[in-house]
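All of these numbers come straight from a predicted model, not from anything done at the bench.
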Amino acid sequence: MENRVPSGTVKLCEQMELLEFPDKFLIRSLDSTNQAFSIGRSNGSIDTQIGDSCSGSPSKVSKIYGVVGTIQLLAGTYVLIITSRTEAGTYLGFPIFRITAMKFLSCNEALKLSTSQEKRDEAYFMSLLRTVESTPGLYYSYEIDLTLNIQRTVKLTDERANKPLWKRADPRFVWNKNLLEELIECKLDPFIIPLVQGSFQTVQFTLKDAPAKITLISRRCTRRLGTRMWRRGANLEGDAANFIETEQLLELEGFKSSFLLHGDEGQLSMAFSAEVQKLPRVRYVSFDFHHHCGNSNLDNLQLLYDQISKDFEKQGYCLVDSEGEILAEQKGIVRVNCIDCLDRTNVTQIYLARESLNSQLRKIGALSSTECISKFCEIYEKFKTIWVEQGDEISLEYSGTHAMKSDFVRFGRQTLLGLIKDGMTGLSRYYLNNFHDGIRQDAMDLISGHYTVNFNGPSPFQMNEFESFSYLPVASALLVGGLTLTSFTLNQGGRNAQHFVSSVLWAGLTAGVVVVVKANGRQLCSRPRLCGLL
C-alpha cells in the first residue's frame, strides 16, 4: 500500500498552467499527457476539444495547482482555481497539500443586461465568493483519497480502487462536491480534485530506536456545514451540525494502526439522552466536564474513562501489517458530543486518543504492558502539539478563532495565561458571531449547494424585517452613548435638579434600546440571508 497507486487509476494533473486569451481561459497540464480544456470568458462554456482553436498568444500565463470547480450565479459562470499550496506532509506515503490561496475566474458578461436589483444581488454574491477564496483548512492529494479512513481504504475492492479519486471519495467529506458537477459532466477526470476541509497534522519521532509517525486527520462533513452561531442541532434528515470525523494514524515498523473518533454538536443533554436510549447497540454516557475538571486537571477525565473503558477496549482499532493484511478492525465508535463547546470536545478526544495509542503501541510490542506514551516526555509533547494545532484549525473554521482550553492539553490544567487567552478568544468569538458570521454562513450555504441561485425568482435580499447592516451600528451607538451620558449626568445629579432629570431621561432611553435589542437580537446582528436558520 505504501507509495502505490492502484493500476488503471486516472492520474490527476498535478501542475498546470492557466493561459488567458481574449475569448477564453485555457487550462493545460504540464505533464507528458498535455491534457487541456478551455472555458469561454463570455458564457462559461467548457470545451474539451481544443485542437488548434487557440490562435495567437495569450495575454497572461500563470502556474496553477488545480481546478476546484464551477458555480453559477446571476451573471453566469465563475471558476475556482488553486493558485498557491504548501505540502503539509504525507499520508500512507503520498504527499498531502494544504491550499493557501484560491481565485475565482469570471466567465460571464450577462451582468451588462441585468436590472439594478440583480446587479446589487450579484455584488453580494461576489462578496461571498471572496469569503470562499479565503476558506481555511482545505487539504487534498493528487494520488490518494483523503475522505476515506485507513480501515475503509485497505478494504477497497479492486474495481473501486481503480476508479478516479472523485468516484472513490465519500461524498460526505468532499468540500467542493457541489462545485465539481460540471467538470464531472464534461468527463474531465484528470482535473477533478476532491478537497477535504478539516485538519491534517503529522509528527515523526523515534521510540526505542524505532522510527515512528503519528498522523492526525479531521474531515468536516458538508451536509450541515456552518458557523458557531447559525448551525446547531440536527436537521430533519438527522444530519448533525458541523459533524467531524477524526482519525489518528500510527505508523511503526511497517505496522499501520488507526483509531477513529467522531464529534458533533447535539441536542440538549436530557432530550439527547432520551432519544439515544431508543437506539440499539448504542450506550450514552453523560459527563459534566465543568463540574469534574473545572480549571484543575485534565486527568480527572479518568472518571469518564472508567465508565466506558470496557466498551472502549471492545471497540478496538484498525491494525494493518507491512504486507497490507488487516490484523484487527475497529468495531465501534466513541462519539464525543459536547452540548455547546467544540473546545471541551477536543480535550476529551485527546484523552481517548492517548489511551488508544497506548493500547496500539503495546499490541505492536513497542511498549511493555506497564509503559505509556506520557512517560516519553519529548514524544508526548509532540503528540499533544498536533492535537492542539488540530483543535485550533477546526476552531478557526467553525468559530473564526483559535480553540479555547488549549492549556488543558499542553499542561493538563488551566493556567493564568491560558485563562486570559480564553477570555480574549471569547470576546473575539462574540464579535465575530454578531458582526461577521451571517456572511460566512451565506458563503458556506452558497458554495455547498444548500442555496441555489434562482434566476427567475425574487431577490433573497429584499428583507421585510430589520436590515442588519443598517440597524446594528445605530443600536450599538445608542447603547454606548446612552450608558455614557447616563453615567455622566448621574455624577452631576447632586448639583441641580436639571441634571437629575437628564439622568432619568437618558437611563430610560438606554433601557428602551436594551429592550428593543433584546427582543430583536437576531435581526440586529449579522445573520444569514440565503437559508436562514436551518
Go through the steps to decide whether Thr77 and Asn108 satisfy the test side chain to side chain donor-acceptor pair (under 3.5 Å), and finish with yes or no.
CA-CA 6 Å; Thr77 303; Asn108 55 76; over 6 Å; no
Nearest heavy atoms of Glu397 and Met444, plus distance in Å:
O-CE, 3.8 Å
Mind listing the closest non-hydrogen atom pair of Asn176 and Ile193 along with its distance?
ND2-O, 2.9 Å
CG (Leu165) and CG (Leu146) are apart, to the nearest 0.5 Å, by 9.0 Å
Counting N and O atoms only, with roles assigned by atom type, does the side chain of Thr153 sit under 3.5 Å from a partner on the main chain of Asn149, one being a donor and the other an acceptor?
yes
Between CZ on residue Arg98 and OG1 on residue Thr86, distance to nearest 0.5 Å:
6.0 Å
Is a donor on one side and an acceptor on the other found under 3.5 Å between the side chain of Arg41 and the backbone of Phe21?
yes
State, to 0.1 Å, how close Arg440 and Leu396 come at their nearest heavy-atom pair, and which atoms those are.
NH2-O, 3.7 Å
With no hydrogens and no angle check, is any side-chain donor or acceptor of Glu133 less than 3.5 Å from a backbone partner on Ala101?
no
Taking the six-membered ring of Tyr124, is the NZ or CZ of Arg529 close enough (under 6.0 Å from the centre) and on axis enough (within 45°)?
yes
Any side-chain donor-acceptor pair under 3.5 Å between Gln349 and Trp387?
no
So, do Leu183 and Asp189 sit near enough that their side-chain heavy atoms are less than 4.5 Å apart?
no
How are the rings of Tyr139 and Phe200 set relative to one another: parallel (under 30°), tilted (30 to 60°) or perpendicular (over 60°)?
tilted
Under 6.0 Å from the CD atom of Glu87, do we count more than 12 heavy atoms belonging to anything else shown?
yes
How long is the straight-line distance from CD1 of Ile386 back to CG of Leu216, given to the nearest 0.5 Å?
5.0 Å
Looking at every heavy atom in both Met102 and Val132, which two are closest together, and how far apart are they?
CE-O, 3.3 Å
Salt-bridge present (Arg220, Glu245; N to O < 4.0 Å):
no
Output the distance between atom CG (Leu128) and atom CE (Met126), rounded to the nearest 0.5 Å.
11.0 Å
For the CG atom of Leu249 and the OG atom of Ser257, what is their distance to the nearest 0.5 Å?
8.0 Å
Donor-acceptor side-chain pairing of Glu247 and Gln151 below 3.5 angstrom
no
With the side chain counted from C-beta on, respond yes when Val79 and Phe25 share a heavy-atom pair under 4.5 Å apart, and no when they do not.
no
If I compare all heavy atoms of Tyr451 with all of Cys531, which pair ends up nearest, and what's the gap?
CB-SG, 3.7 Å
Without swapping roles, check the side chain of Arg223 against the backbone of Phe243 for a donor-acceptor pair under 3.5 Å.
no
Hey, does Leu179 have a side-chain heavy atom less than 4.5 Å from the side chain of Thr70?
no
Would you say the side-chain atoms of Thr100 pair up with the backbone N or O of Ser84, donor to acceptor, closer than 3.5 Å?
yes
For Arg120 and Ser116: C-alpha separation, side-chain torsions, deciding distance, then whether side-chain contact (heavy atoms from CB on, under 4.5 Å) applies.
CA-CA 6 Å; Arg120 287 194 295 269; Ser116 57; 4.0 Å; yes
Applying side-chain contact (heavy atoms from CB on, under 4.5 Å), run through Leu105 and Ile81 and close with a yes or a no.
CA-CA 8 Å; Leu105 303 176; Ile81 59 173; 4.2 Å; yes
Within the distance-only criterion (no hydrogens, no angle test), does the side chain of Ser38 pair as donor or acceptor with the backbone N or O of Leu26 below 3.5 angstrom?
no
Side chains of Gln390 and Ser199: donor-acceptor distance under 3.5 Å anywhere?
no
With a 4.5 Å cut-off on side-chain heavy atoms, are Ile82 and Leu138 touching?
no
Are Ser448 and Asn178 close enough that a side-chain donor and a side-chain acceptor fall under 3.5 Å?
no
Taking the side chain as everything from C-beta on, heavy atoms only, tell me whether Phe205 gets closer than 4.5 Å to Ile214.
yes
Please check if the side chain of Ser59 supplies one atom and the backbone of Glu20 the other of a donor-acceptor pair under 3.5 Å.
yes
Non-hydrogen side-chain atoms of Phe37 and Val67 separated by less than 4.5 Å:
yes
Mind running side chain to side chain donor-acceptor pair (under 3.5 Å) on Lys213 and Thr90 for me, showing each step along the way?
CA-CA 10 Å; Lys213 179 181 177 182; Thr90 60; 2.5 Å; yes
Backbone N/O of Leu148 and side chain of Arg219: donor-acceptor pair under 3.5 Å
yes
Can you see whether Arg231 engages Asn242 through a side-chain donor-acceptor pair at a distance of less than 3.5 angstrom?
no
Are the side chain of Asp239 and the backbone of Arg224 linked by a donor-acceptor contact shorter than 3.5 Å?
no
For the NZ atom on Lys119, are there more than 12 heavy atoms of other groups (residues, nucleotides or ligands in this structure) within a distance under 6.0 Å?
yes
State whether the side chain of Gln248 and the backbone N or O of Thr215 hold a donor-acceptor pair below 3.5 Å, judged by distance alone.
no
Looking only at the aromatic ring of each residue, does the gap between the centers of Tyr142 and Phe94 stay below 6.0 angstrom?
no
Residues Gln441 and Thr227: side-chain donor-acceptor under 3.5 angstrom
yes
When you compare the side chain of Gln35 with that of Cys13, does any pair of heavy atoms fall below 4.5 Å?
yes
Intermediate values then yes/no, side-chain contact (heavy atoms from CB on, under 4.5 Å), Ile71 and Phe104
CA-CA 10 Å; Ile71 190 170; Phe104 274 101; 4.0 Å; yes
Step by step, work out the salt bridge (Lys or Arg N to Asp or Glu O under 4.0 Å) result for Glu17 and Lys63.
CA-CA 4 Å; Glu17 59 181 7; Lys63 188 175 183 180; over 6 Å; no
Identify the two heavy atoms, one from Trp175 and one from Thr222, that lie closest to each other, and give their separation to 0.1 Å.
CA-CG2, 3.7 Å
Taken to the nearest 0.5 Å, the spacing of Ile27 CD1 from Leu188 CG works out to 9.0 Å
For the residue pair Ser218 and Thr246, confirm or rule out a side-chain donor-acceptor distance under 3.5 Å.
yes
Could you please spell out the steps behind the salt bridge (Lys or Arg N to Asp or Glu O under 4.0 Å) verdict for Arg152 and Asp170?
CA-CA 10 Å; Arg152 295 178 66 188; Asp170 186 332; 2.8 Å; yes
Report yes if some heavy atom in the side chain of Val174 is under 4.5 Å from a heavy atom in the side chain of Leu195; otherwise report no.
no
How far apart are the C-alpha atoms of Gln197 and Thr135, what are their side-chain angles, what is the distance that settles it, and do they pass the side-chain contact (heavy atoms from CB on, under 4.5 Å) test?
CA-CA 9 Å; Gln197 187 182 33; Thr135 300; 3.4 Å; yes
